[in-house]
Number of protein chains: 2
Amino acid sequence: MGEDTSYKSRKVITIGVVSELTGLSERQIRYYEERKLIFPERSERGNRKYSFSDVETLIEIANKREEGVRTYEIRQDMIKKNNLAKDEKLRNKMLRGQINARFGIQKNQ
Amino acid sequence: MGEDTSYKSRKVITIGVVSELTGLSERQIRYYEERKLIFPERSERGNRKYSFSDVETLIEIANKREEGVRTYEIRQDMIKKNNLAKDEKLRNKMLRGQINARFGIQKNQ
DNA sequence: CGTGTAAGGAATTCTGACACG
DNA sequence: CGTGTAAGGAATTCTGACACG
C-alpha cells in the first residue's frame with residue numbers, strides 16, 4: 001500500500017517483452033494506450049516502459065475483448081472500479097478519524 | 001519461497017533499462033555476466049533479459065567494486081553465501097522430518 | 001583485470017497513414 | 001471500432017576486437 005517502488009508497479013518492461021508476456025501484438029498494446037486503458041512511462045528516448053501491473057491489466061483487457069467488450073466499456077468499468085476503491089479508502093480514513101477522536105491516537109488498529 | 005513466477009525473479013528487463021536502474025554501463029553489465037556474477041535469460045532473438053533480483057545483485061556488485069573488490073572475490077563470496085543458504089534449508093528440512101517422525105504429520109508449524 | 005570505444009549488422013521501437021469492415 | 005501492414009528513420013543490442021594499464 002503506497003509502496004510505489006514495489007516491483008509490481010515499476011515501469012521497466014519494453015513493449016516487445018510485454019507482447020511476449022501477454023500474447024498481444026504491439027499494435028494492440030499501443031492502441032489500448034490510445035484508448036486510455038494503460039499508461040506506460042517513456043524512456044528518455046521515448047520508448048514505452050510497462051510494469052507487471054500493466055501486464056496484468058492488459059491480460060484482463062484481452063479477456064474482455066475476447067468476450068466482445070468494447071474498449072470504451074472497458075474504460076468505463078475501470079473508472080468505476082477505481083472510484084469504488086477511492087470511496088472505500090476515504091470511508092476507512094474517516095472511520096479511523098472517528099475512532100481516534102473517541103479513543104485517542106493509537107498506533108495500528 | 002519457491003515462488004518462481006514472482007515479480008522479483010521474472011526476467012523481463014532489457015539491458016538498457018538495467019543500465020539506467022543501476023548506473024552501470026552496458027559493457028560492465030555484460031562483463032559481470034562473463035565473470036559469472038549474473039545470469040540473464042535471453043529472448044528468442046538473443047537479447048538479454050534481467051530480473052529485479054539481478055538489478056539488486058548488480059547494485060551490490062557495483063558497491064563492492066567501488067571498494068576495490070575483484071570480480072573473482074565477489075564470485076567466491078556469492079558461492080559461499082549460496083552454500084550457507086542451502087545448508088540452512090537442508091538443516092530445516094531434516095529438523096521438520098524429525099519432528100514429523102515423533103509427533104506425526106502436521107500442516108504448517 | 002576491468003572498462004572504454006569504434007565497427008557492422010540485425011532486431012526494436014516509434015509515428016503517421018492506408019486498409020478493411 | 002479494432003487491428004494489420006508497409007514505410008522510413010532513429011535508437012538498441014549483439015559480438016569480437018583493439019586499447020590501456
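These numbers come from a predicted model, not from an experiment. Naming: A, B, ... by sequence-line order, numbering from 1 per chain.
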Distance in angstrom units between [X] [atom1] and [N] [atom2], rounded:
{"X": "A:R30", "N": "C:dG16", "atom1": "CZ", "atom2": "C1'", "answer": "12 Å"}
{"X": "A:I29", "N": "D:dT3", "atom1": "CD1", "atom2": "P", "answer": "11 Å"}
{"X": "A:K36", "N": "D:dG2", "atom1": "NZ", "atom2": "P", "answer": "14 Å"}
{"X": "B:E33", "N": "C:dT3", "atom1": "CD", "atom2": "P", "answer": "15 Å"}

Check whether any side-chain heavy atom of B:I38 sits under 4.5 Å from a side-chain heavy atom of B:I29, and report yes or no.
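The answer is yes; the side chains approach within 4.5 Å.
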pair A:R10-A:S51: side-chain heavy atoms closer than 4.5 Å:
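Answer no - side chains too far apart.
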Between A:Y31 and D:dG2, is there a side-chain N or O to OP1/OP2 distance below 4.0 Å?
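Yes.
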Can you list, by residue number, the residues of residues 14-24 of chain B that have a non-hydrogen atom closer than 4.0 angstrom to DNA chain D?
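Those residues whose heavy atoms fall under 4.0 Å from DNA chain D, taken from residues 14-24 of chain B in numerical order, are B:T14, B:I15, B:G16.
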Tell me which residues in residues 41-71 of chain A lie within less than 4.0 Å of DNA chain D, going by non-hydrogen atoms.
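A:R45, A:R65, A:R70, A:T71, in order of number.
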Spacing of OH belonging to A:Y72 relative to NZ belonging to A:K36, to within rounding of 0.5 Å:
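Those atoms lie 12.0 Å apart.
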Which nucleotide sits closest to the side chain of [X]: [options]?
{"X": "B:E26", "options": "D:dT3, C:dT15, D:dT13", "answer": "D:dT13"}
{"X": "B:R27", "options": "C:dT5, D:dG2, C:dT15", "answer": "C:dT5"}
{"X": "B:Y32", "options": "C:dG4, D:dT13, C:dT3", "answer": "C:dT3"}

Is the backbone N or O of A:I15 less than 3.5 Å from a side-chain atom of A:S19, with the two atoms forming a donor-acceptor pair by type?
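Between the backbone of A:I15 and the side chain of A:S19 there is no qualifying donor-acceptor contact (under 3.5 Å).
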Same apolar cluster (I L V M F W Y, side chains within < 4.5 Å links), B:I59/A:Y7:
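Looking at the clustering, A:Y7 is in the same group as B:I59.
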Report whether B:L37 and B:V69 are members of the same hydrophobic cluster (ILVMFWY, side-chain heavy atoms less than 4.5 Å apart, transitive linking).
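Yes; tracing contacts between hydrophobic side chains, which count when under 4.5 Å, links both residues.
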Salt-bridge contact A:E56-A:K8 (side-chain N to carboxylate O under 4.0 Å):
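Result for this pair is yes, salt bridge flagged.
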Look at A:E34 together with A:R30 and state whether they make a salt bridge at an N to O cut-off of under 4.0 Å.
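Salt bridge flag = no for A:R30 with A:E34.
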Quick one: list whatever passes side chain to side chain contact (heavy atoms under 4.5 Å, CB included) with A:S25, sequence neighbours left out.
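A:S25 satisfies side chain to side chain contact (heavy atoms under 4.5 Å, CB included) with A:R27, A:Q28 once adjacent residues are dropped.
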Kindly write out the residues that satisfy side chain to side chain donor-acceptor pair (under 3.5 Å) with B:E33, not counting sequence neighbours, or none if the list is empty.
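Residues passing side chain to side chain donor-acceptor pair (under 3.5 Å) with B:E33: B:R48.
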Can you name the residues that form a salt bridge (charged side-chain N to carboxylate O under 4.0 Å, His left out) with B:E88, not counting sequence neighbours?
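Partners of B:E88 by the salt bridge (charged side-chain N to carboxylate O under 4.0 Å, His left out) criterion, ordered by chain and then number, come out as B:R91.
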Requiring both pairing distances under 3.5 angstrom, list the stems that contain DNA chain D and are made of three or more consecutive Watson-Crick or G-U pairs.
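C:2-5 with D:17-20, C:17-20 with D:2-5 - these are the stems of 3 or more pairs that involve DNA chain D.
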